Amino acid sequence: MSKILIRGAKVLGGEPQDVLIDGATIAAVGRDLPADGAEIVEAGGKVLLPGLVDLHTHLREPGREDSETVLTGTRAAASGGYTAVFAMANTFPVADTAGVVEQVWRLGKEHGYCDVRPIGAVTVGLEGNKLAELGAMHESAAGVTVFSDDGKCVHDAVIMRRALEYVKAFDGVVAQHAQEPRLTEGAEMNEGVVSAELGLGGWPAVAEESIIARDVLLAEHVGSRVHICHLSTAGSVEIVRWAKSRGIRVTAEVTPHHLLLTDELVRTYDPVYKVNPPLRTERDVTALREALADGTIDIVATDHAPHPHEDKDCEWAAAAMGMVGLETALSVVQETMVDTGLLDWAGVADRMSFQPARIGRAEGHGRPVSAGEPANLTLVDTAYRGSVDPAGFASRSRNTPYEGRELPGRVTHTWLRGKATLVDGKLT
């Protein structure tokens with residue numbers, strides 16, 4: 001592989017420096033580095049970050065290739081600056097055996113746009129009744145370390161305890177979709193003023209918060225790691241903050257859309273805003289931003305949930321839940337966290353690369369931008385502003401809530417172990 005010299009990049013938002021890539025590795029970082037025959041990329045003051053890591057991606061393959069495939073999903077990831085994604089288990093068949101997680105892992109290896117780390121199901125068929133083959137999935141070629149029934153809650157406390165006990169043996173983590181099923185029967189949106197006015201079934205905050213409270217106590221009892229998926233309420237923030245103050249091994253994520261959008265948008269009855277957990281109130285959005293800034297919420301995860309056109313272009317009650325997010329995540333984080341002064345770019349690198357890689361044990365990712373480290377990098381034009389056009393997405397699906405909305409920032413280059421996957425905003 002040839003050498004690449006990234007000239008004049010603001011590493012983690014700092015002063016402009018040069019970064020020399022030699023093969024799969026960063027060879028040097030400093031000022032006025034000699035080119036020595038390297039390909040030159042003029043950064044012109046763009047921000048250079050470690051490759052982003054998404055701990056919560058739905059790639060849909062196998063079984064729902066009409067929505068997304070490993071190829072199209074990883075192309076979308078590279079377009080958004082990601083070099084590693086964790087693929088959720090709610091595929092068809094469910095990723096609850098070593099065979100299925102290895103299939104997803106091998107597809108990621110073949111396509112090469114980013115590393116794919118499969119997430120294994122906690123229970124057989126996501127049915128919540130019997131533990132899946134956690135040990136076999138961990139020992140497989142995929143080396144699974146994260147387990148989740150995302151899309152469904154592990155609602156049985158005994159099953160959840162057993163899962164936490166099992167993964168403790170190999171320092172795995174259970175990622176919980178916190179949704180008490182009995183409290184959300186018939187729910188279509190956040191329970192509150194807007195749901196009452198619209199006459200739609202309400203999804204109470206306590207349905208999320210009660211599961212988080214239970215699970216942090218179980219994690220404390222077992223001495224294991226639990227991760228909270230797509231945390232969405234101010235009350236959930238307070239529970240996680242309390243748990244961390246007790247030394248409980250809990251981590252949490254927030255999605256970009258929960259940092260920006262509120263349940264007021266549901267007044268349009270546009271199913272693009274139908275998501276699980278639902279969009280909450282302005283008060284919740286403020287609490288989530290503050291918690292991400294102070295570290296109570298550890299990471300940003302996209303919950304990239306692609307759906308075919310017909311599953312969203314229908315009446316609200318019949319529409320599928322979910323939004324695509326890989327290609328807009330960094331822009332939303334810039335608007336909500338950087339441009340508001342809540343995080344600097346080093347903080348973004350921490351929440352979108354360093355910490356998700358640490359939680360998921362993604363070797364080679366979430367590493368410092370320094371000599372000797374893997375050349376997993378993304379270059380961002382932070383001065384750019386433009387309207388979101390889903391027609392240009394690499395994802396197979398177009399269910400974005402940001403169509404036509406102006407957002408800041410644009411990923412121009414992505415490198416995976418020194419190999420360019422995105423150049424000047426175009427996939428290689």
Side-chain angles (χ1 to χ4, degrees), residues 24 51-65 68-78 82-126 130-152 154 163-164 166-177 224-227 229 251 253 299 301-304 326 356-367 374 376 416-417 421:
L52 307 183
V53 177
D54 189 21
L55 200 66
H56 193 146
T57 302
H58 297 272
L59 295 180
R60 303 301 191 204
E61 190 175 9
R64 286 305 306 266
E65 289 83 358
E68 195 77 283
T69 65
V70 174
L71 174 59
T72 59
T74 55
R75 284 169 63 89
Y82 289 88
T83 54
V85 299
F86 284 74
M88 279 295 174
N90 55 345
T91 50
F92 299 94
V94 171
D96 57 4
T97 65
V100 179
V101 296
E102 284 190 355
Q103 177 188 356
V104 175
W105 175 74
R106 292 186 194 284
L107 284 168
K109 296 281 281 187
E110 289 170 10
H111 297 315
Y113 281 91
C114 74
D115 286 349
V116 176
R117 308 281 177 133
I119 290 177
V122 177
T123 65
V124 175
L126 308 179
K130 180 182 177 182
L131 284 184
E133 300 176 2
L134 309 185
M137 287 188 278
H138 176 68
E139 295 297 329
S140 72
V144 177
T145 58
V146 183
F147 299 87
S148 181
D149 278 1
D150 184 64
K152 295 184 177 180
V154 183
L164 289 166
Y166 203 114
V167 302
K168 184 181 176 182
F170 48 80
D171 193 32
V173 62
V174 178
Q176 176 66 293
H177 174 110
S224 189
R225 292 200 294 143
V226 65
H227 177 75
C229 295
T251 53
E253 70 189 33
I299 66 170
T302 69
D303 193 11
H304 176 79
L326 286 168
R358 178 186 64 82
I359 294 166
R361 304 296 190 250
E363 275 188 49
H365 295 276
R367 301 294 305 162
N376 297 320
L416 176 64
R417 287 182 290 278
T421 55

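Everything numeric here is computed off the predicted structure, so don't read it as measured data. In this chain, numbering begins with 1 at the start of the sequence shown.
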Query raised in the report: So, the side chain of S224 versus the backbone of L164: is there a donor-acceptor pair under 3.5 Å, distance only?
Result: yes
Report summary line: The single option from T72, L107, T91 that satisfies side chain to side chain contact (heavy atoms under 4.5 Å, CB included) with E61 is L107
Report summary line: Separation between CG (L131) and CG (D96), nearest 0.5 Å, reads 11.5 Å
Report summary line: When every non-hydrogen atom of M88 is compared with those of C229, the smallest separation belongs to CE-SG, 4.4 Å
**Report entry** Separation between CZ of F147 and CD of Q176, rounded to the nearest 0.5 Å
**Finding:** 14.5 Å
Query - Heavy-atom donor-acceptor pair, R225 side chain to I359 backbone, under 3.5 Å - result: yes
Report task. Please answer whether the main-chain N or O of R417 pairs with a side-chain N or O of N376 as donor and acceptor at a distance below 3.5 Å. Result -> yes
Query raised in the report: Is there a donor-acceptor contact under 3.5 Å linking the side chains of T251 and H227?
Result: yes
Query raised in the report: Can any side-chain N or O of T57 pair as donor or acceptor with the backbone N or O of A87 at less than 3.5 Å?
Result: no
Report summary line: Nearest heavy-atom contact between C114 and A77 is SG-CB, 3.9 Å
**Report entry** Contact list for residues 132-147, test salt bridge (Lys or Arg N to Asp or Glu O under 4.0 Å), sequence neighbours left out
**Finding:** none
Report task. Can you see which heavy atom on V101 is nearest to which on A95, and at what distance? Result -> CG1-CB, 3.9 Å
Report task. List the steps and the verdict of side-chain hydrogen bond (donor to acceptor under 3.5 Å, both in side chains) for H365 and D115. Result -> CA-CA 9 Å; H365 295 276; D115 286 349; 2.7 Å; yes
Requested in this report: Decide whether H56 and D150 meet the rule of one side-chain donor and one side-chain acceptor closer than 3.5 Å.
Outcome: yes
Query - Straight-line distance of T69 OG1 to L59 CG, nearest 0.5 Å - result: 8.0 Å
Report summary line: One should read off an interatomic distance between Y166 OH and L134 CG, to the nearest 0.5 angstrom, of 6.0 Å
Query raised in the report: If we only count heavy atoms from C-beta on, is the P62 to V104 side-chain gap below 4.5 Å?
Result: yes
Query raised in the report: CZ/R361 to CZ/F170 distance, rounded to the nearest 0.5 angstrom?
Result: 12.0 Å
Query raised in the report: Would you say the side chains of H58 and E68 form a donor-acceptor pair under 3.5 Å?
Result: no
Query raised in the report: Taking atom CG of N90 and atom OG of S148, what is their separation to the nearest 0.5 Å?
Result: 8.5 Å
**Report entry** Heavy-atom closest contact (V116 atom, W105 atom, distance)
**Finding:** O-CD1, 3.6 Å
Query - Minimum heavy-atom distance A136-A98, with the two atoms named - result: O-CB, 3.8 Å
**Report entry** Shortest non-hydrogen contact from A141 toward E102
**Finding:** N-OE2, 2.9 Å
Requested in this report: I would like to know whether V173 and T145 meet side-chain contact (heavy atoms from CB on, under 4.5 Å); could you show each step before the answer?
Outcome: CA-CA 6 Å; V173 62; T145 58; 5.8 Å; no
Query - Whether D149 side chain and V122 backbone form a donor-acceptor pair below 3.5 Å - result: yes
